[in-house]
A.B. asks: 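I have a structure here, written as structure tokens, and I will follow up with some questions on it.
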Amino acid sequence: MGIDINQPIFVISVAAELAEMHPQTLRQYDRLGIVSPSRAPGKSRRYSQRDVDRLREVQRLSHEGVSLEGIKRILDLENQVAALQFRVAELSEELQRRRSPAEARIFAAGAAGDVVSLARGQRPRARSQAVVVWRPRPGE
């Protein structure tokens, strides 16, 4: 069983050591909103593994010459992309469920009012039969 990367478990000194930074740098990044750790009941900072990974990314970008404001913008855009990718996956799953042949039922109504269930691709026998496609709404 692994560690939850979102669990805030590291105090600032440990997080700074893991990210190979000075604790004061972590405080500055917190003030600037670049990496915002959780707070323990005594208001001390608690960093997760995800926070440490983000600090390493900040350090890499900084060494490449990106300004702190630029780094903040890059991280915000990466978060936005991740959220949008998650939403696309949700919508794709919903679309797949709605397109599922098990959910769509096709019926033909005869001239006498009788209802006949049709298999996908099957045509009604008589031209007087009307074809109705029924799709249940979510929750039905």
Side-chain angles (χ1 to χ4, degrees):
M1 182 169 161
I3 296 174
D4 179 6
I5 65 169
N6 296 311
Q7 185 69 34
I9 55 175
F10 304 118
V11 294
I12 193 167
S13 60
V14 174
E17 186 174 331
L18 290 171
E20 299 177 358
M21 296 179 171
H22 193 277
Q24 191 59 37
T25 306
L26 275 62
R27 290 184 188 95
Q28 179 184 6
Y29 290 166
D30 187 12
R31 280 191 298 274
L32 295 173
I34 294 174
V35 177
S36 299
S38 299
R39 298 287 179 160
K43 295 209 177 191
S44 62
R45 294 171 176 87
R46 291 286 190 264
Y47 292 83
S48 66
Q49 183 61 50
R50 184 176 304 273
D51 293 329
V52 171
D53 294 342
R54 190 170 178 157
L55 287 165
R56 288 179 181 151
E57 177 71 5
V58 169
Q59 185 177 44
R60 185 186 65 77
L61 290 168
S62 179
H63 285 305
E64 290 179 2
V66 180
S67 69
L68 290 180
E69 194 57 40
I71 291 170
K72 186 173 190 235
R73 182 72 176 135
I74 288 168
L75 295 176
D76 288 344
L77 288 171
E78 285 177 350
N79 286 339
Q80 194 175 19
V81 166
L84 290 171
Q85 287 173 333
F86 180 77
R87 183 65 178 139
V88 165
E90 282 182 334
L91 292 172
S92 295
E93 287 176 17
E94 182 178 340
L95 182 60
Q96 185 63 32
R97 280 194 310 272
R98 289 183 183 218
R99 286 186 176 171
S100 173
E103 286 189 20
R105 296 185 187 150
I106 302 173
F107 300 97
D114 56 329
V115 177
V116 180
S117 179
L118 300 174
R120 187 173 210 92
Q122 180 184 2
R123 296 186 181 274
R125 288 187 203 128
R127 290 188 176 259
S128 61
Q129 292 179 325
V131 176
V132 177
V133 177
W134 177 76
R135 295 182 196 278
R137 291 187 181 131
E140 289 186 340

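For the single chain, residues carry numbers from 1 onward in sequence order.
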A.B. asks: Restricting to non-hydrogen atoms, name the atom on Ala16 and the atom on Pro23 that form the minimum distance, rounded to 0.1 Å.
C.D. replies: CB-N, 3.7 Å
A.B. asks: Hydrophobic clusters here meaning ILVMFWY residues chained together by side-chain heavy-atom distances under 4.5 Å, can you tell me if Ile5 and Ile9 are in one?
C.D. replies: no
A.B. asks: So, Asp53 and Arg56, do they make that salt bridge, N to O below 4.0 Å?
C.D. replies: yes
A.B. asks: Under the side-chain contact (heavy atoms from CB on, under 4.5 Å) rule, what do Arg45 and Val11 come out as? Steps first, then yes or no, please.
C.D. replies: CA-CA 6 Å; Arg45 294 171 176 87; Val11 294; over 6 Å; no
A.B. asks: I want to check something: taking the side chain as every heavy atom from C-beta on, are Val14 and Tyr47 in contact at a cut-off of under 4.5 Å?
C.D. replies: no
A.B. asks: How many angstroms lie between CD in Gln24 and CG in Leu26, if you round to the nearest 0.5 Å?
C.D. replies: 9.5 Å
A.B. asks: What pairs meet the salt bridge (Lys or Arg N to Asp or Glu O under 4.0 Å) rule with one or both residues in residues 10-29, with sequence neighbours excluded?
C.D. replies: none
A.B. asks: Any idea which heavy atoms bring Val58 and Ile71 closest together, and the distance?
C.D. replies: O-CD1, 3.6 Å
A.B. asks: Can you measure from OG (Ser38) to CD (Gln7) and round to the nearest 0.5 angstrom?
C.D. replies: 8.5 Å
A.B. asks: Could you go step by step and tell me if Leu68 and Gln28 meet the side-chain contact (heavy atoms from CB on, under 4.5 Å) rule?
C.D. replies: CA-CA 10 Å; Leu68 290 180; Gln28 179 184 6; 3.9 Å; yes
A.B. asks: Look only at the side chain of Arg54 and the backbone of Ile34, and say whether a donor-acceptor pair between them is shorter than 3.5 Å.
C.D. replies: yes
A.B. asks: Starting at NE2 of His22, measure out to CD1 of Ile12 and round the result to the nearest 0.5 Å.
C.D. replies: 9.5 Å
A.B. asks: Enumerate the residue pairs fulfilling side-chain hydrogen bond (donor to acceptor under 3.5 Å, both in side chains) with a member in residues 62-82, sequence neighbours excluded, ordered by first and then second residue.
C.D. replies: Arg60-Glu64
A.B. asks: Looking at Ser36 and Asp51, what are the two nearest heavy atoms and their distance?
C.D. replies: O-OD1, 4.4 Å
A.B. asks: Which atom names give the shortest non-hydrogen contact between Ala19 and Leu55, and what distance separates them?
C.D. replies: CB-CB, 3.8 Å
A.B. asks: Could you give me the CA-CA distance, side-chain angles and deciding distance for Arg39 and Asp30, then say whether side-chain contact (heavy atoms from CB on, under 4.5 Å) is met?
C.D. replies: CA-CA 11 Å; Arg39 298 287 179 160; Asp30 187 12; 2.8 Å; yes
